*Asks:* 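This is the structure I want to talk about, given as structure tokens.
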Amino acid sequence: ETGQVTASPEQNDSEYLSPVTIGGQPLTLDFDTGSADLWVFSNSLPSSDSAGHVTFDPSKSSTFTPYSGATWQIAYGDGSSATGSVGFDSVTIGGVTVAHQAVELADNLSGAFVQDTQNDGLLGLGFSTINTIQTQRQKTFFENIMPSLALPVFTANLQADASGTYTFGAIDAAQYSGPIHYTAIDSSAGFWQFPSPSYTIGSNGASVPCTTCSPAIADTGTSLVLLDDDVVAAYYAQVSGASQDQSQGGYVFPCSASLPDFGVAIGSGYTAVLAGKEILYEDLGGGVCYGGLQSNAGQGVQIFGDVLLRHFFAVFDGGAKRFGLAKKA
Ligand SMILES: N[C@H]1[C@H](O)[C@@H](Sc2ccccc2)[C@@H]2OC[C@H]1O2
């Protein structure tokens with residue numbers, strides 16, 4: 001079987017939200033290849049937290065079964081966090097159903113989630129080695145559905161400022177052109193992780209070997225591209241007027257600045273290049289713009305988020321444990 005759903009951008013393409021049905025209840029979730037928990041706003045949240053969100057009410061689902069005693073607690077790379085209880089229910093995405101999916105019900109959330117009222121929760125598409133359910137971690141939607149899919153894959157075709165697509169079980173030839181450039185992934189840390197041993201700056205920029213560069217992860221739930229400090233410093237050294245602005249939390253530059261192209265190695269065989277203009281992430285006003293490339297604050301991993309992914313067709317191959325990028329159709 002195969003399934004397909006829309007991926008709708010929030011402001012600045014900061015995240016993408018997709019329709020999911022849980023126990024017959026429609027919710028809008030943020031599909032996140034950088035985590036492995038499926039959690040939803042639930043009616044057990046204080047109304048001050050759930051105001052503006054759609055909440056899942058297990059008592060209204062005829063197929064929900066509590067997982068008594070199980071709990072979960074997650075802390076994300078951006079400092080957000082959530083905790084709660086667990087049950088099992090039927091989860092359908094684009095016509096594809098897992099009958100007995102672990103569904104995590106939030107009963108406590110950090111502010112960023114509360115304020116993000118279009119977002120009713122997250123659907124983790126990472127590897128369940130990092131699922132936070134205790135005392136027994138549970139599988140992701142993709143891991144559960146994989147054996148039933150025509151192909152053990154899902155693809156992300158996110159768009160810049162437009163509605164895109166997640167597809168499960170097929171690599172839709174209508175969505176890309178030319179070859180898909182694959183790299184093997186190492187899932188041992190729970191991510192779609194691969195080496196990124198070089199980068200390029202400028203059109204026809206020479207490839208700069210970076211043997212000490214941190215490995216990269218493909219993370220649909222991260223807005224920006226977060227790079228090792230020396231890489232991001234090398235880029236903005238080529239942008240006149242660029243500076244690190246503590247109050248804005250990163251590199252800013254004059255909106256009129258000329259931005260060089262930037263390419264990152266996807267494994268050792270392919271460099272994904274972003275045009276300079278695609279590096280302008282947000283106009284902060286007053287002629288100051290915020291960059292889509294920022295520091296990973298020494299996290300030891302480079303995070304290739306939506307600023308990169310929205311310019312490519314991305315293949316997450318759970319069968320062959322590989323990640324691939326292609327040009328969009
Ligand atoms: N994988 C990512 C995850 O999806 C988000 S969680 C999130 C927080 C607030 C609003 C929306 C989502 C967080 O930022 C980077 C990393 O952690």
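Note that the coordinates shown come from a computational prediction; the quantities given were computed from them, not determined experimentally.
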*Asks:* If we ignore angles and hydrogens, is there a donor and acceptor under 3.5 Å between the side chains of Thr92 and Thr21?
*Replies:* no
*Asks:* For the side chain of Tyr235 and the backbone of Gln294, is there at least one donor-acceptor N/O pair under 3.5 Å apart?
*Replies:* no
*Asks:* Could I get the full list of side-chain hydrogen bond (donor to acceptor under 3.5 Å, both in side chains) partners for Asn43, not counting sequence neighbours?
*Replies:*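 Asn43: side-chain hydrogen bond (donor to acceptor under 3.5 Å, both in side chains) contacts with Asp57.
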*Asks:* Closest heavy-atom contact between Ala314 and Leu325?
*Replies:* CB-CD2, 3.8 Å
*Asks:* Of the non-hydrogen atoms in Asp229 and Gly298, which two are nearest, and what is the gap between them?
*Replies:* OD2-N, 4.3 Å
*Asks:* Please set out all donor-acceptor pairs under 3.5 angstrom arising from side-chain atoms of residues 266-277, sequence neighbours excluded.
*Replies:*
none

*Asks:* Side chain of Gln299, backbone of Asn296: donor and acceptor closer than 3.5 Å?
*Replies:* yes
*Asks:* Do Gln4 and Gln175 have side chains that approach each other closer than 4.5 Å (heavy atoms only, starting at C-beta)?
*Replies:* yes
*Asks:* Check which hydrophobic residues are tied to Leu17 through side-chain heavy-atom contacts below 4.5 Å, counting indirect links as well, and list them.
*Replies:* none
*Asks:* For residues Asp219 and Thr222, is any side-chain donor paired with an opposing acceptor at under 3.5 Å?
*Replies:*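 The answer is yes; a qualifying pair exists.
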*Asks:* Consider only side-chain heavy atoms of I, L, V, M, F, W and Y, link residues closer than 4.5 Å, and tell whether Ile130 and Trp72 are in one cluster.
*Replies:* no
*Asks:* Considering residues at least two apart in sequence or located in another chain, which fulfil the side-chain hydrogen bond (donor to acceptor under 3.5 Å, both in side chains) criterion with Gln138?
*Replies:*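 Here no residue qualifies.
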*Asks:* Within a strict 4.5 Å, meaning less than it, do heavy atoms of the Asp116 and Glu15 side chains meet?
*Replies:* yes
*Asks:* In this structure, would Phe154 and Val5 fall into the same cluster of hydrophobic residues linked by side-chain contacts under 4.5 Å?
*Replies:* yes
*Asks:* May I ask you to test the Val252-Leu284 pair for a side-chain heavy-atom distance under 4.5 Å?
*Replies:*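 SC-SC contact between Val252 and Leu284 confirmed.
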*Asks:* May I ask you to test the Phe313-Thr155 pair for a side-chain heavy-atom distance under 4.5 Å?
*Replies:* yes
*Asks:* Just wondering, do Tyr199 and Phe262 contact through their side chains at under 4.5 Å, heavy atoms?
*Replies:* yes
*Asks:* Please tell me if the side chains of Ile133 and Glu104 come closer than 4.5 Å, counting only heavy atoms from C-beta onward.
*Replies:* yes
*Asks:* Assign the ring pair Trp192 / Phe316 to parallel, tilted or perpendicular, where the plane angle (0 to 90°) is split at 30° and 60°.
*Replies:*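 Trp192 vs Phe316 ring planes: perpendicular.
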*Asks:* Spell out, as yes or no, whether a donor-acceptor pair under 3.5 Å connects the side chain of Lys328 to the backbone of Leu158.
*Replies:*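 Side chain of Lys328 to backbone of Leu158: a pair is present.
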*Asks:* Applying side-chain hydrogen bond (donor to acceptor under 3.5 Å, both in side chains), name anything that partners Thr65, two or more places apart in sequence or on another chain.
*Replies:* none
*Asks:* Within the side chain of Gln193, is there an N or O that forms a donor-acceptor pair under 3.5 Å with the backbone of Pro215?
*Replies:*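 Not confirmed, Gln193 side chain does not pair with Pro215 backbone.
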*Asks:* Would you compute the distance between atom CG of Asp317 and atom CD1 of Ile171 and round it to the nearest 0.5 angstrom?
*Replies:* 6.5 Å
*Asks:* Do Phe41 and Phe56 land in one hydrophobic cluster if side-chain heavy atoms of ILVMFWY residues count as linked below 4.5 Å?
*Replies:*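 Hydrophobic grouping puts Phe41 apart from Phe56.
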*Asks:* Examine distances only and state if a side-chain atom of Tyr281 and a backbone atom of Asp13 form a donor-acceptor pair shorter than 3.5 Å.
*Replies:*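 Side chain of Tyr281 to backbone of Asp13: no pair is present.
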*Asks:* In this structure, is the centre-to-centre distance between the rings of Phe113 and Trp39 below 6.0 Å?
*Replies:*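 Yes, they do, as the ring centres are separated by less than 6.0 Å.
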*Asks:* Scan side-chain atoms only and decide if Asp89 and Ser61 contain a donor-acceptor pair under the 3.5 Å cut-off.
*Replies:*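 Asp89 vs Ser61: donor-acceptor pair found between side chains.
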*Asks:* Where does the angle between the aromatic ring planes of Phe141 and Phe168 fall among parallel (under 30°), tilted (30 to 60°) and perpendicular (over 60°)?
*Replies:* perpendicular
*Asks:* Tell me whether Phe127 shares a hydrophobic cluster with Val315, the cluster being built from Ile, Leu, Val, Met, Phe, Trp, Tyr side chains joined at under 4.5 Å.
*Replies:* no
*Asks:* Indicate, with yes or no, if Phe88 and Leu29 share a hydrophobic cluster defined by side-chain heavy-atom contacts under 4.5 Å among Ile, Leu, Val, Met, Phe, Trp and Tyr.
*Replies:*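 Unlinked, Leu29 and Phe88 end up in two clusters.
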*Asks:* Quick one: side-chain hydrogen bond (donor to acceptor under 3.5 Å, both in side chains) partners of Ser85, sequence neighbours excluded?
*Replies:* none
*Asks:* Should we count CD of Glu10 as having more than 12 external heavy atoms under 6.0 Å?
*Replies:*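 Yes, because the 6.0 Å sphere around CD of Glu10 holds more than 12 heavy atoms from other groups.
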*Asks:* Is the Tyr182-Phe323 ring centre distance short of 6.0 angstrom?
*Replies:*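 They do not qualify: ring centres at least 6.0 Å apart.
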*Asks:* Does some side-chain heavy atom of Ser187 sit less than 4.5 Å from a side-chain heavy atom of Lys321?
*Replies:*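 Lys321 reaches Ser187 side chain to side chain.
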*Asks:* Is there a donor in the side chain of Asn108 and an acceptor in the side chain of Thr83, or the other way round, less than 3.5 Å apart?
*Replies:*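 Judged by distance alone, the side chains do not pair up.
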*Asks:* Ignoring hydrogens, what is the shortest heavy-atom contact between Tyr176 and Asp172? Give both atom names and the distance.
*Replies:*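 Where Tyr176 meets Asp172 most closely, the heavy atoms are CD2-O, 3.5 Å.
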*Asks:* Nearest 0.5 Å, what's the CD-OG distance between Glu282 and Ser223?
*Replies:* 10.0 Å
*Asks:* Could you verify whether a donor N or O on one side chain and an acceptor N or O on the other, from Asn131 and Lys139, lie under 3.5 Å apart?
*Replies:*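 Per modelled atom types, Asn131 and Lys139 side chains form no pair under 3.5 Å.
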*Asks:* To the nearest 0.5 angstrom, please state how far the CD1 atom of Ile93 sits from the CD1 atom of Ile145.
*Replies:* 9.0 Å
*Asks:* Taking the side chain as everything from C-beta on, heavy atoms only, tell me whether Leu38 gets closer than 4.5 Å to Val40.
*Replies:* yes
*Asks:* State whether the number of non-hydrogen atoms from other residues, nucleotides or ligands found under 6.0 Å of Gln136 atom CD is greater than 12.
*Replies:* no
*Asks:* Just how far is it from atom CD1 of Ile279 to atom CG of Leu308, taken to the nearest 0.5 Å?
*Replies:*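 Answer rounded to 0.5 Å: 9.0 Å.
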*Asks:* Hey, does the side chain of Asn144 reach the backbone of Thr140 with a donor-acceptor pair shorter than 3.5 angstrom?
*Replies:* yes
*Asks:* Report the distance from atom SG of Cys289 to atom CG of Leu259, rounding to the nearest 0.5 Å.
*Replies:*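 Cys289 SG to Leu259 CG: 8.5 Å, rounded to 0.5 Å.
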*Asks:* Could you tell me whether Tyr290 and Tyr251 have their ring centroids closer than 6.0 angstrom?
*Replies:* no
*Asks:* Set out, in order, the CA-CA distance, both residues' side-chain angles and the distance that settles side chain to side chain donor-acceptor pair (under 3.5 Å) for Asp78 and Ser80, then state yes or no.
*Replies:* CA-CA 6 Å; Asp78 71 343; Ser80 305; 2.8 Å; yes
*Asks:* Quick check: does any side chain N or O of Gln25 sit under 3.5 Å from a backbone N or O of Ile22, one acting as donor and the other as acceptor?
*Replies:* no
*Asks:* Which label fits Phe31 and Tyr166: parallel for a plane angle under 30°, tilted from 30 to 60°, or perpendicular past 60°?
*Replies:*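 Correct class here is tilted.
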*Asks:* Determine whether Ser203 and Asp261 satisfy the following criterion, side chain to side chain donor-acceptor pair (under 3.5 Å), listing intermediate values before the conclusion.
*Replies:* CA-CA 6 Å; Ser203 50; Asp261 297 353; 4.8 Å; no
*Asks:* Any side-chain donor-acceptor pair under 3.5 Å between Ser214 and Asp228?
*Replies:* yes
*Asks:* What is the distance from atom OG1 of Thr33 to atom CG of Leu123, rounded to the nearest 0.5 Å?
*Replies:* 11.0 Å
*Asks:* Can a donor-acceptor pair be found between the side chains of Asp186 and Ser188 at a distance below 3.5 Å?
*Replies:* yes
*Asks:* Work out which heavy atom in Val231 is nearest to a heavy atom in Cys210; give both atom names and the distance.
*Replies:* CG2-SG, 4.3 Å
*Asks:* Under a 3.5 Å cutoff, is there a donor and acceptor pairing between the side chains of Thr165 and Thr167?
*Replies:* no
*Asks:* List the atom of Phe304, the atom of Ser196, and the distance in Å for their closest heavy-atom pair.
*Replies:*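 Taking Phe304 first and Ser196 second, the nearest heavy atoms are CZ-OG, 3.7 Å.
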*Asks:* For a quick test of reading the model, state the closest non-hydrogen atom pair linking Ala160 to His311 and the distance between them.
*Replies:*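 Looks like CB-CE1, 4.3 Å.
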*Asks:* Do side-chain atoms of Ser110 reach the backbone of Ser81 as a donor and acceptor pair under 3.5 angstrom?
*Replies:* yes
*Asks:* Ignoring hydrogens and angles, tell me if any N or O in the side chain of His53 forms a donor-acceptor pair with the backbone of Asn119 under 3.5 Å.
*Replies:* yes
*Asks:* Short question: side chain of Asp306, backbone of Leu309 - any donor-acceptor pair under 3.5 Å?
*Replies:*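 The answer is no, because no donor-acceptor pair under 3.5 Å joins these two groups.
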